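The block underneath contains the structure these notes are about, expressed in structure tokens.
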Amino acid sequence: MQLDQLGNFTRSHRNGALRMDHVGQTVCLLGWCKRSRDMGSLVFLDLRDRWGVVQIQANETEIAPDLLARLKSVRSEFVLGVEGVVVEREAKNPNLPTGDVEVKLTGLKIFNTAATPPIPVDDMAESGADAGEDLRLKYRFLDLRRPSLQRSMMLRSEVSYLVRDHFRTHDFIEIETPILTKSTPEGARDYLVPSRVHPGEFFALPQSPQLFKQLLQVSGFERYIQICRCFRDEDLRADRQPEFTQVDVEMSFVREEDVQAIIEPLMVQLAGLVGQQVATPFQRLPYRDAMEWYGSDKPDVRCPVKIQDLTALFAASDFNLFRAAAESQGQRRVRALCFAGEQAGAMSRKQLEELQEVAKHLGAGGLPYAKWGKDGLSSSFKKFITPELEAALKAKLDGASAGLIVFAVGTDAQTSKVLGELRLRLARAFGQLDETRFAFLWVVDFPLLEWSEEHARFVACHHPFTSPHPEDLDLLETNPGACRAVAYDLVLNGYEVGGGSIRIHDAETQSRMFRTLGIGEAEARSKFGFLLDALTFGAPPMGGLALGLDRLVMLLVGETSIREVIAFPKTAQARCLMTDAPSEVDPRQLKELHIASTAGAPAQAYRAGVMFFESVPAELQAPFRALQTLSHGVKPHSTSTLTLDGELVRVETSNLGGPSFEFE
RNA sequence: GGGGUUGUAGCUCAGUCGGUUAGAGUGCCAGCCUGUCACGCUGGAAGUCGCGGGUUCGAGCCCCGUCAACCCCGCCA
């Protein structure tokens, strides 16, 4: 097809803007063909641009035959320039903002054709049948044409502008910090960048500009903000990508409340973008209470039901499992969720079994429950429920005649994990989670440190520059696990959307902190020498926080995956399906960077004989299965490739003449 | 690192107990249609049942392996 040049064709109006006021005007429009409807001698075409859709119309009796033919040759997603006259429609469409008018075609330019899209470019309003996400990501440039994603990206842009406006009016300045920086030993895995000019040395991409923003306070900027990209080489989730955007904030001469007071009105404005009213000040919830009541450090408080401690009710029970907890002096507790209502009481055996599977998956042994429904009490431990106990339990249902109590027994960490998850699931199932509103809160007084079994030492909960709570300072040496931090998370609807702290601003406390973390003098010098130096040159009291922009926008648009608000996201395996990154590079590039890859190294060779076992011990099952595989159609002396213990290996088999074998 | 779900036409999916030529909707192509707007009507093309093995007279369906996407646990200062 002969394509037209853009030439001096100039847009006079945006497609979504045309109204009755424009009737009679000659307009020049640009855009993509959303869909055409050919009725023979009457043709309609929907022209889409970023601002909307307008109907183009051509009638056989009013138009040159070659122009009509040209219009009929247009297919979906062709790129067009349309000249025409705005007229009032004969049949109006109330579902379209431009539905009162249409444009009578007088000239048509076809700037480009388009192959049939491999994914629907329209939002399937009623069927809801989107293309699979892998296809959407492969053809992301088409996916992003869909109105819903266009709206999400536009809202994201609005959020960014609003954030910058907000901080600008509060005298913050935006400062860019390095993308190529120093690898930090604590925390998440770094993405590394080899240095060509320094053989064997590496930059790291920032997990966050944490130290730079603190140094900017030492420099005296007092109020810093940056919307910046951060990188973490950890496994992904629906709300976690390897690169993500953070609204990074740091202030001098502030207390915790000062930081929060800057953030809250911003959140009010952002929620307002999607018509949500939220009141300030936000609720403050100590970490300890969050874990006790909600089993989570990022509770969704839109459900009022809290976890309750029912240990005492079982002190004299015959139910050994629960009584043992009551006798453990707080080591183990019986905690429970009490959902009142007919829906809760009508939970079927099958549903409870599904719930039990969830609980087991989270580490519970089972899911004890007691339920009051149409048939009265039913319970997994009914024979231990005396009338007195039943009365005591039922009293937890706030006087309702029907309801469900699910129990978890164990350490606080165990029971919190199980009940925290079940609380959300049950609340949704019973309609006791109001998903129409936004619930912000601050979780405060986080612990400073937690014991790491893996590292056999204390590690920082937030980061090693977080200020210990002034009242707990001396616990650093005596009982580090009990020391609170001046750290706070901003939580929205069960998601952590921000986190921050007051920082350590004196070298002495910072050194004590490093000592507690088991970071020696020399190591601290080599890794954080620049910070320790800076703290000796007049560092002001400081604090700040960082907001997860992707998560925030995700919640604003009502999505459950941050991929829906990132233009070009990566898959759960941290791959870009569109560009196919990451990919192999030319060996010359590696050589220049002084890098050698150990991936794809030659497979190890194994020698295997034939073994016979009456019963196969567990530790031999994998090699035994390998031998079984080999025994099918493999000659006594042969080489074959198979999977052994999850690794692809080349296996040489030879008949060794006896029950002997060698495996490494 | 571990667990789970999914993979069939361009797209979204169905496919019974393992049994004849693998279906539907949509999209695409062609024809008809003067008020459509998820246009309608008629016809047509369209398949490596993710990939590789195995069992079987016979596999989309059963078994083993593998790849990919998604969800979760670990991990994410």
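Throughout, protein chains are lettered first and strands after them, A, B, ... in sequence-line order, and every chain is numbered starting at 1. Keep in mind it's a predicted model, so treat the numbers as computed, not measured.
Nearest approach of A:Gly544 to A:Arg503, heavy atoms of both residues: C-NH2, 3.3 Å.
In terms of position along RNA chain B, the nucleotide closest to A:Lys104 lies nearer the 5' end than the nucleotide closest to the other residue of the pair A:Lys104 and A:Ala188. Nearest-nucleotide positions on RNA chain B place A:Asp235 closer to the 5' end than the other of A:Arg232 and A:Asp235.
As judged by a 4.0 angstrom heavy-atom cut-off over every strand, A:Gln57 is placed among the base-contacting residues. Nucleic acid contact class of A:Thr466 (heavy atoms, under 4.0 Å, all strands): none. The residue A:Ser41 sits close to a base: some heavy atom pair falls under 4.0 Å. A:Pro464 comes within contact range of at least one nucleobase, with a heavy-atom separation under 4.0 Å. Counting non-hydrogen atoms under 4.0 angstrom, A:Asn95 reaches nothing in the nucleic acid. A:Glu90 comes within 4.0 angstrom of a nucleotide base, judged by non-hydrogen atoms across all strands.
Of the side-chain N and O atoms in A:Arg37, one or more sit less than 4.0 angstrom from OP1 or OP2 of B:C39. Residue A:Arg563 places at least one side-chain N or O closer than 4.0 Å to OP1 or OP2 of B:C71. Phosphate proximity of B:G74 to A:Lys417: present, with a side-chain N or O under 4.0 Å from OP1 or OP2. Put simply, A:Arg75 has a side-chain N or O that comes within less than 4.0 Å of OP1 or OP2 on B:C29. For A:Arg89, no side-chain nitrogen or oxygen approaches OP1 or OP2 of B:U36 to under 4.0 Å.
A:Phe568 has its side chain out of reach of A:Thr579: every pair of non-hydrogen atoms, C-beta onward, lies at least 4.5 Å apart.
Regarding A:Ile562, its CD1 atom lies at a distance of 10 Å from the P atom of B:C71, rounded to whole Å. Distance, A:Asp489 CG to B:C76 P: 15 Å, rounded to whole Å. Between A:Glu354 atom CD and B:C72 atom P the separation is 18 Å, expressed in whole Å. Put simply, NE2 on A:His361 is 10 Å from P on B:C72, counting in whole angstrom units.
A:Tyr139 and A:Phe141 have perpendicular rings, their planes meeting at more than 60° on a 0 to 90° scale where under 30° would count as parallel.
One N or O donor and one acceptor, one from the side chain of A:Arg237 and one from the base of B:G74, sit under 3.5 Å apart. Remark: the A:Gln55 side chain and the B:U36 base include a donor-acceptor N/O pair separated by less than 3.5 Å. Within 3.5 Å, no donor on the side chain of A:Glu454 pairs with an acceptor on the base of B:G74, nor the reverse. A donor-acceptor contact under 3.5 Å is formed by the side chain of A:Arg240 with the base of B:C75. The base of B:G35 has none of its N or O atoms less than 3.5 Å from a complementary donor or acceptor on the side chain of A:Asn59.
Comparing the same atom, P, in B:G50 and in B:U16 gives a spacing of 14 Å after rounding to whole Å.
Relative to the side chain of A:Gln573, the nucleotides B:G1, B:C71, B:A69 differ in distance, and B:A69 lies closest. Candidate nucleotides B:C70, B:C11, B:G1 were compared by shortest atom distance to the side chain of A:Thr571, and B:C70 ranks first. Listed nucleotides B:U12, B:C33, B:C37 differ in distance to A:Leu135; the shortest reach to its side chain belongs to B:U12.
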